[in-house]
Number of protein chains: 2
Amino acid sequence: MAVSRRRQVASDIGLSKQRVVVEAVRLADREGVDGLSMRRLAGELGAGAMSLYHYVANKEELLDAMIDVVFAEIELPPEDTDWQSAMRRRAVSARQVLARHPWAISLMESRTSPGPAHLRHREAVTACLRRAGFSVLMATHANWLLDVYVYGFALQAASLPFDTAGEFADMAEDVFLPQLPPEEFPYLNESAAALVAAGYDPAEEFFFGLDLVLAALEPLRGSA
Amino acid sequence: MAVSRRRQVASDIGLSKQRVVVEAVRLADREGVDGLSMRRLAGELGAGAMSLYHYVANKEELLDAMIDVVFAEIELPPEDTDWQSAMRRRAVSARQVLARHPWAISLMESRTSPGPAHLRHREAVTACLRRAGFSVLMATHANWLLDVYVYGFALQAASLPFDTAGEFADMAEDVFLPQLPPEEFPYLNESAAALVAAGYDPAEEFFFGLDLVLAALEPLRGSA
DNA sequence: ACAGATTCCGTACACCGTACGAGCCCCGCT
DNA sequence: AGCGGGGCTCGTACGGTGTACGGAATCTGT
């Protein structure tokens, strides 16, 4: 009884902002953002709910920190290739990260302050574009467009109930087509049927738009 | 005391799903989606909280219905012009609608079933593209890309603390530039300064990407 | 006039974020 | 050695949430 044992629970070395935020991300991955409550998170860390507030001012700050963890996971554009390959790699990485943390997309809308990892990322992307010969204005346009594409795609993809060609085919035949009578929705009906027949793979969709956007930006290098 | 007066409060003719959903949209516009609670909404309608559950199975269904109200506000692509003008009009309309109902963007991620107005809208867009000569596959690509652009832009714009050129200049000078020391963020610092000097207007950004995407899609008409 | 359906809502329960303040432990000072 | 203070932990409590349940009031058809 004389032994000093401050932490007796599952947690190993005591809390820290880092540990709190990382566990919050893990919990959100597992249960969705709705399943993330301060009490639940504290339980996961083997602590009392109010203990968390020593490391985070409030839940908003926790969510901000979680978003920045997500940004830190996105690969920075490599410096040793042409700008298109670099932007392509970072877009693909961002897509993977957002697929791993789907809750992040719904949080982006509400968080307005960038966070350090977010800023470092923007700096690297802007550097890549400027070095490739884009003007300040064109680099801004390109930055916007690429971000819009990546986040917009993730947003759209998150609200779809299929990810693979097989899942799409199943959903289309069992759910969509019955809901799309040809009299009311001739074109959607035609599309759904034709896409299933052609073995349409929604996972490929990302690259179509990405490559189209990259190609369309190329001629703008060097222009004002 | 013998007079029959069932509804004595501000509400005029009694409840209905329509009235509940419309008032919910109004409340969300006014107070944000966090300010929308069943009790609050009921109060706004001059009713008890539990009365709402006669018209809506649960809050999720209410949110679904609200999203569909938003979709119904988006202009359908006009049929009497070329496809680019039609798509441009509907994109601009969607942007306006989403700016009017910013809460809608954060809801889209979580709602997975389309809703009638959403379906009607997709049918009209697909019809426009197919009639313009896009194949089923290309129309699907174009549909995705345009939606990704519109929703992605709205998502991005919602998380920025400025809308106009003046607000951007103020924020950049008072907030961004002090946070972007030139040693750590040379390119972002340069960009912020140059954009302010050039009178950069973020409201114009929408059209750059939109027109670029439309132009890049044009040559794909008629291809497989 | 009465029966049944429709509409409304008061109460209650489990959960949420978090303000407040009491306890605990460790450290440095006298 | 004793003590005071500061960092950390957390129990309790308050006002909010979504909604299950059951009762009451009204409307409708006979």
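DNA chain C is contacted by both B:Y55 and B:R39; B:Y55 maps to the nucleotide lying nearer its 5′ end (nearest heavy atom per residue).
Enclosure of atom CG in A:D34 is not indicated, since only 12 or fewer non-hydrogen atoms of other residues, nucleotides or ligands lie within 6.0 angstrom.
Rounded to whole Å, atom C1' of D:dC8 lies 14 Å from atom CZ of A:R19. Taking atom CE of residue A:M50 and atom P of nucleotide C:dC16, one finds them 14 Å apart after rounding to whole Å. If you measure from atom CG of B:L62 to atom P of D:dT17, you get 14 Å, rounded to the nearest angstrom. Remark: C1' of D:dT17 and CG of B:L52 are 14 Å apart, rounded to the nearest angstrom. Taking atom CD of B:E60 as the reference point, atom C1' of D:dG18 lies 11 Å away to the nearest angstrom. C:dA19 atom P lies 13 Å from atom NE2 of A:H54, rounded to whole Å. Following rounding to the nearest Å, A:K17 (NZ) and D:dC8 (C1') show an atom-to-atom distance of 17 Å. With rounding to whole Å, B:M38 atom CE is found 14 Å from C:dC8 atom P.
For B:S51, the side-chain atoms get nearest to C:dC9 when compared with the rest of D:dG18, C:dT18, C:dC9. Comparing C:dT7, D:dC10, C:dC16 by their nearest atom to the side chain of A:K59 picks out C:dC16. Side-chain proximity of A:N58 to C:dT18, D:dC10, C:dC8: nearest is C:dT18. For A:Y53, counting side-chain heavy atoms from C-beta on, the closest listed nucleotide (C:dG17, D:dT17, C:dT11) is C:dG17.
A:E75 pairs with exactly one of A:R90, A:H121, A:R89 by the side chain to side chain donor-acceptor pair (under 3.5 Å) rule, that one being A:R89.
Taking CH2 from A:W144 and CZ from B:F208, the interatomic distance works out to 12.5 Å, rounded to the nearest 0.5 Å. Atom CD in B:E205 sits 9.5 Å away from atom CD in B:Q156 (nearest 0.5 Å).
Using a 4.0 Å heavy-atom cutoff across all strands shown, A:L36 reaches sugar-phosphate atoms only and no base atom.
Ring geometry for B:F71 versus B:H118: interplanar angle under 30°, hence parallel rather than tilted (30 to 60°).
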